[in-house]
Chemist: 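Take this structure, written in structure tokens, and hold onto it; I'll ask about it next.
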Amino acid sequence: MLNIVTTFFSRGDLLFKGGWQGKILRVDLSKGKIWDEPLDKDIAYNYVGGRGVAIKILWDELKPGTDPLSPDNILVIASGPLSGSPMPSSGKLVVAAKSPLTGGYGDGNLGSEATQYIKGFGYDAIVITGKAEKPVLLHLSENGAELKDASSYWGMKALDTIDAIKKDFEKTVSVLTIGPGAEKLVKFGVVVSERTRSGGRPGIGTVFGSKNLKAVVVDRKPDFKMYDFDEARNLGNEAAKFLKNAEMYKAWVNQGTMLTIEWSQENCVLPTHNFSDGVFDEWEGISGDTMYEKYKFKISGCPFCTMPCGNMSRAKAEPFAGIEVELDYENVAMLGSNLGIGSMDAIIMLNYLADQYSIDTISLGSAIGFAMELYEKGKLPEKYKDGLDLKFGNVDAAIELTERIANRKDGLGKILSEGVKKAAEIIGNGAELYAIHVKGLEVSAYDCHAAPGMALAYATSPIGAHHKDAWFIAQEVKKGRLEYERWKAEGVIELQRIRGGMFEYFVGCRLPWVELGLSLDYYPRFFKAVTGEDYNFDKFFEIADRIYALIRAFWIREFGHWKREYDYPPMKWFEVPLTKGPYAGHKLDRSKYDQLLSHYYDIRGWDENGIPKVSTLKKLGLDFVIPELSKIVKLTE
Ligand code: PTT
Ligand code: SF4
């Protein structure tokens, strides 16, 4: 293989007591240049890692208005001080960039051994700019970091690429890669790792593709500096013991997130027929029980996890028999009920295609559901039908459309590869009403016609509609489903601070806490053991608020203006009532939603348009944002 450039590692860990390794690996693909930089202490202490480090770098270094697909976009691959440590489920990594799908801040969190090995080589993050002349991969090994020719892998499907790279390098390397969908610049391309993990919904895989970066390959290097490893290991053992004895442990490792299908059906939030119904007549065919009893053949999951939730499943029925894929709730709901498809075999096939092409299952399911609804309602203009019979439940049409989207085939495929927001603009004819997104990111699998708090969570998520920052719906269902009271805004923000803050900057999986009830009190203890720093919850939450405000400032700077309406949930939830189930007839009330949004802004210290106030920015140590923002919008004191 062609060795373009190499760098030698130097020690940066002297700056920190542990957790942080002290260096950032910088790569300029246009110049074929690689170098080390120290991790700024100020960034580490005030933004910690993962999402925090990513947004600080993007704010500081990305020229406003940069085309996300241009060489100038900045790709950040960031671990956090706790990733790869004995903290339970610590094998997670953040990938971030300016999103080609939304035009704002985008990131994703995926399981990967690379998060630990990158630290083993002394880095907290890898920052990649430029565009290689021809396909390359970045390889980290004992020899240094090198760019290598990846032409032979270009065009190869993502899972096949992982197998091929492991064959060509060492079996033990960790691989982050993309498939042909992200290479061809489908706007919702994801990054795939460990064959079953994938992340970066807002098109972070697409940014890999735009840079001719096929993969990042990291040799196994598990050891990195921690402040008090013995204490971290003892805590890890204690937490693992708790998790293994948790009441829900067995159910969790049997079904993982697939437990949610039944829950969503019962609570009338299962996305069905492009978020029209909330319940699905054929739900039993796609339930967690069905998956477990008939399809699951192996437990899989992220590295370093004591409660692995991946459901490796195999299709049984022809013509899909033998296809293997990991099934998760979001994938099954968006490619199943949302498309009116009740066959798990067909869902396995669709999920497999999405993984191989490395395109996001949620956006894919939303795009196909959107086209199907337009088709059934007679709103898809003839010129866009492309000979497809796009009725809900038509498996062949869903598969064919997936291939066309993934290959950006001229016509409907190419239009939908832009995401539903842009597709609706192109199609016109009132299509906007059926485009289920926030800020251009397709909504993940919870219908919120009758769940205003979860609608607020989607609408204020810092990357566009994703549940990861605040899965508020569980609390809402328990405590007062249809209310629009202030407690809901408080609850959403509390979750955003923990899930969207702590777990995205530590970086680790939140599910030990969410699903099996591991006490949050463990986390400051892990933080102390691994980094040597004493942070309490006030400090953790302040950091989360800082990151949120900076992400909001980034969106404002990129858009060049800001409107309150950008924090609205999809129009359909206001306009078209749910059609089925116990909440049939319900839709969101716009003026009550507006009150809820005002509560949200008030608690955050943002003004009535969702712009952080000067006093808030100052309190969070974001004074440096003020001069730039005040040129774009009127700031409130
Ligand atoms: C996540 C989103 C999700 S969230 C799912 S299933 W889920 C989908 N998975 C996809 C997939 O698979 N293939 C594909 N081509 N596209 C996919 N898109 C969808 O992406 C994931 C788990 C899950 S499974 C969840 S809830 C939790 N998410 C976490 C998070 O966001 N942060 C965090 N600190 N911990 C989390 N733990 C859980 O991780 P995105 P993964 Mg994914 C095949 O990244 O962009 O955030 O989108 O990361 O390693 O696969 O684990 O019912
Ligand atoms: Fe990964 Fe599941 Fe373990 Fe979280 S609980 S780290 S998502 S396998």
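Numbers for residues simply follow the sequence, beginning at 1. Whatever order the structure lists them in is the order used to number ligands and atoms, beginning at 1.
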Chemist: Evaluate E504 for polar contact with ligand 1, using N/O atom pairs at a separation under 3.5 Å.
Modeler: yes
Chemist: Tell me, yes or no, whether the heavy-atom count around K421 atom NZ, taken from other residues, nucleotides or ligands under 6.0 Å, exceeds 12.
Modeler: no
Chemist: In the protein, which heavy atom is nearest to atom 39 (O) of ligand 1, and how far is it?
Modeler: K92 NZ, 2.8 Å
Chemist: Applying a 4.0 Å heavy-atom criterion (strictly less than), which segment of E326 is in contact with ligand 1: side chain, backbone, both, or neither?
Modeler: neither
Chemist: List every atom of ligand 2 that sits less than 4.0 Å from any heavy atom of P308, numbering the atoms from 1 in the order shown and giving each element.
Modeler: 8 (S)
Chemist: When you look at T177 and F208, which way does the side chain to side chain contact (heavy atoms under 4.5 Å, CB included) test go after all the steps?
Modeler: CA-CA 8 Å; T177 193; F208 267 60; over 6 Å; no
Chemist: Could you tell me whether R197 and ligand 1 have an N or O pair separated by under 3.5 Å?
Modeler: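 Min N/O separation from ligand 1 is below 3.5 Å for R197.
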Chemist: So which heavy atom in the protein is nearest atom 52 (O) of ligand 1, and how far is it from that ligand atom?
Modeler: E330 CG, 3.2 Å
Chemist: Run the numbers for me: atoms of ligand 2, each under 4.0 Å from some heavy atom of C309, listed by number.
Modeler: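 Answer for ligand 2: 2 (Fe), 5 (S), 7 (S), 8 (S).
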Chemist: Any N or O on H467 sitting closer than 3.5 Å to an N or O of ligand 1?
Modeler: no
Chemist: Spell out, as yes or no, whether a donor-acceptor pair under 3.5 Å connects the side chain of W252 to the backbone of M307.
Modeler: yes
Chemist: Can you see which heavy atom on S174 is nearest to which on E194, and at what distance?
Modeler: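 Reported closest heavy-atom pair: OG-OE2, 3.2 Å.
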Chemist: Determine whether any protein heavy atom is located less than 4.0 Å from atom 23 (C) of ligand 1.
Modeler: no
Chemist: Please determine if G111 has a nitrogen or oxygen closer than 3.5 Å to a nitrogen or oxygen of ligand 1.
Modeler: yes
Chemist: Does any N or O in the side chain of N267 come within less than 3.5 Å of the main-chain N or O of W263, such that one atom is a donor and the other an acceptor?
Modeler: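 Answer holds: yes.
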Chemist: Pick whichever of N331, L159, V191, D328 has a heavy atom sitting closest to atom 5 (C) of ligand 1.
Modeler: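 Looking at heavy atoms only, N331 sits closest to atom 5 (C) of ligand 1.
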Chemist: Closer than 3.5 angstrom, by distance alone: can the side chain of S90 be matched with the main-chain N or O of S85 as a donor-acceptor pair?
Modeler: yes
Chemist: Just to confirm my output: which protein heavy-atom neighbour is closest to atom 34 (N) of ligand 1, and how far is it?
Modeler: G508 O, 2.8 Å
Chemist: Between C302 and ligand 2, which part of the residue brings a heavy atom under 4.0 Å of the ligand: side chain, backbone, both or neither?
Modeler: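 Both the backbone and the side chain of C302 come within reach of ligand 2.
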Chemist: What do you reckon, does N109 have a nitrogen or oxygen under 3.5 Å from a nitrogen or oxygen of ligand 1?
Modeler: yes
Chemist: Does a side-chain N-to-carboxylate-O contact under 4.0 Å join R197 and E326?
Modeler: yes
Chemist: Identify the two heavy atoms, one from G111 and one from P303, that lie closest to each other, and give their separation to 0.1 Å.
Modeler: C-CD, 4.2 Å
Chemist: Salt bridge check: are D355 and K157 linked by an N-O gap of less than 4.0 Å?
Modeler: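 No.
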Chemist: What's the shortest distance from atom 42 (Mg) of ligand 1 to any protein heavy atom, and which residue and atom give it?
Modeler: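 Ranked first by proximity to atom 42 (Mg) of ligand 1 is S198 O, 2.5 Å.
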Chemist: Give a yes/no verdict on whether any heavy atom in R510 is under 4.0 Å from an atom of ligand 2.
Modeler: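 Contact check R510 vs ligand 2: negative.
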Chemist: For M258 and L327, which heavy atoms make the closest approach, and how far apart are they?
Modeler: CG-O, 3.8 Å
Chemist: Which of the atoms of ligand 1 are close to I359, meaning less than 4.0 Å from one of its heavy atoms?
Modeler: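 What qualifies from ligand 1 is 14 (C), 15 (N), 16 (N).
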Chemist: Please answer whether the main-chain N or O of F280 pairs with a side-chain N or O of S337 as donor and acceptor at a distance below 3.5 Å.
Modeler: no
Chemist: Considering only heavy atoms of D360, which atoms of ligand 1 have at least one such atom less than 4.0 Å away?
Modeler: 16 (N), 17 (C), 18 (N), 19 (C), 20 (O)
Chemist: Taking N or O atoms only and a 3.5 Å limit, does C509 qualify as a polar contact for ligand 1?
Modeler: no
Chemist: Tell me which part of T257 gets within contact of ligand 1: side chain, backbone, both or neither, using heavy atoms under 4.0 Å.
Modeler: side chain
Chemist: Which residue and non-hydrogen atom of the protein lie closest to atom 38 (C) of ligand 1, and at what distance in Å?
Modeler: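 Looking at atom 38 (C) of ligand 1, the protein heavy atom closest to it is L511 CD1, 3.5 Å.
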Chemist: Any chance the rings of F506 and F540 have centres within less than 6.0 Å?
Modeler: yes
Chemist: Tell me whether R201 has any N or O atom under 3.5 angstrom from an N or O of ligand 1.
Modeler: yes
Chemist: Quick one: nearest non-hydrogen protein atom to atom 3 (Fe) of ligand 2, plus distance?
Modeler: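 The closest heavy atom on the protein side is C305 SG, 2.3 Å.
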Chemist: With a 4.0 Å cut-off on heavy atoms, is P202 touching ligand 1?
Modeler: no
Chemist: At a 4.0 Å threshold, what atoms of ligand 2 neighbour a non-hydrogen atom of M307?
Modeler: 5 (S)
Chemist: Show the nearest heavy-atom pair for residues L93 and S112, with the distance to one decimal.
Modeler: CD2-CB, 4.3 Å
Chemist: Is it the case that ligand 1 has an N or O less than 3.5 angstrom from some N or O of D355?
Modeler: yes
Chemist: Taking atom types as modelled and ignoring hydrogens, do the side chains of N331 and T361 form a donor-acceptor contact shorter than 3.5 angstrom?
Modeler: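 Yes, a side-chain donor-acceptor pair sits under 3.5 Å.
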Chemist: Quick one: look up the protein heavy atom nearest atom 17 (C) of ligand 1 and list residue, atom name and how far away it is.
Modeler: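 Closest protein heavy atom to atom 17 (C) of ligand 1: T361 OG1, 3.0 Å.
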Chemist: Show the atoms of ligand 1 that are less than 4.0 angstrom away from any heavy atom in G199.
Modeler: 40 (P), 42 (Mg), 44 (O), 45 (O)
Chemist: Would you please indicate if the ring centroids of Y446 and Y329 are separated by under 6.0 Å?
Modeler: yes
Chemist: At under 4.0 Å between heavy atoms, is it the side chain or the backbone of T196 that contacts ligand 1, or both, or neither?
Modeler: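 It is the backbone that touches ligand 1; the side chain stays farther off.
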Chemist: Regarding E183 and K214, does a basic nitrogen lie under 4.0 Å from an acidic carboxylate oxygen?
Modeler: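 Yes, this pair counts.
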Chemist: Show me which atoms of ligand 1 lie under 4.0 Å from any heavy atom of A354.
Modeler: 15 (N)
Chemist: At a 4.0 Å cut-off, with the gap strictly under it, does some heavy atom of R499 reach an atom of ligand 1?
Modeler: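 Heavy atoms of R499 never come under 4.0 Å of ligand 1.
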Chemist: Taking atom 36 (C) of ligand 1 as the point of reference, which of M334, R510, H466, R51 owns the nearest heavy atom?
Modeler: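 Looking at heavy atoms only, the winner is R510.
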Chemist: Side chain or backbone, does G200 bring an N or O within less than 3.5 Å of an N or O on ligand 1?
Modeler: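 In this structure, G200 places an N or O atom under 3.5 Å from an N or O of ligand 1.
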Chemist: Would you mind telling me if ligand 2 is within reach of the side chain of C509, the backbone, both or neither, using heavy atoms under 4.0 Å?
Modeler: side chain
Chemist: Under a plain distance cut-off of 3.5 Å, with no hydrogens placed, do S79 and Y123 share a side-chain donor-acceptor pair?
Modeler: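 No.
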Chemist: Regarding T260 and T257, do their side chains bring together a donor and an acceptor under 3.5 Å, going by distance alone?
Modeler: no
Chemist: Could you check whether the rings of Y535 and F527 sit parallel, tilted or perpendicular, using 30° and 60° as the cut-offs?
Modeler: tilted
Chemist: I need the contact type for K92 against ligand 2. Using non-hydrogen atoms and a strict under-4.0 Å cut-off, is it side chain, backbone, both or neither?
Modeler: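 For K92, only side-chain atoms sit under 4.0 Å from ligand 2.
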Chemist: Taking only Lys NZ, Arg NE, NH1 and NH2, and the carboxylate oxygens of Asp or Glu, determine whether R497 and E542 approach each other closer than 4.0 Å.
Modeler: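 Between E542 and R497 there is no salt bridge, as every charged N stays at least 4.0 Å from the carboxylate O atoms.
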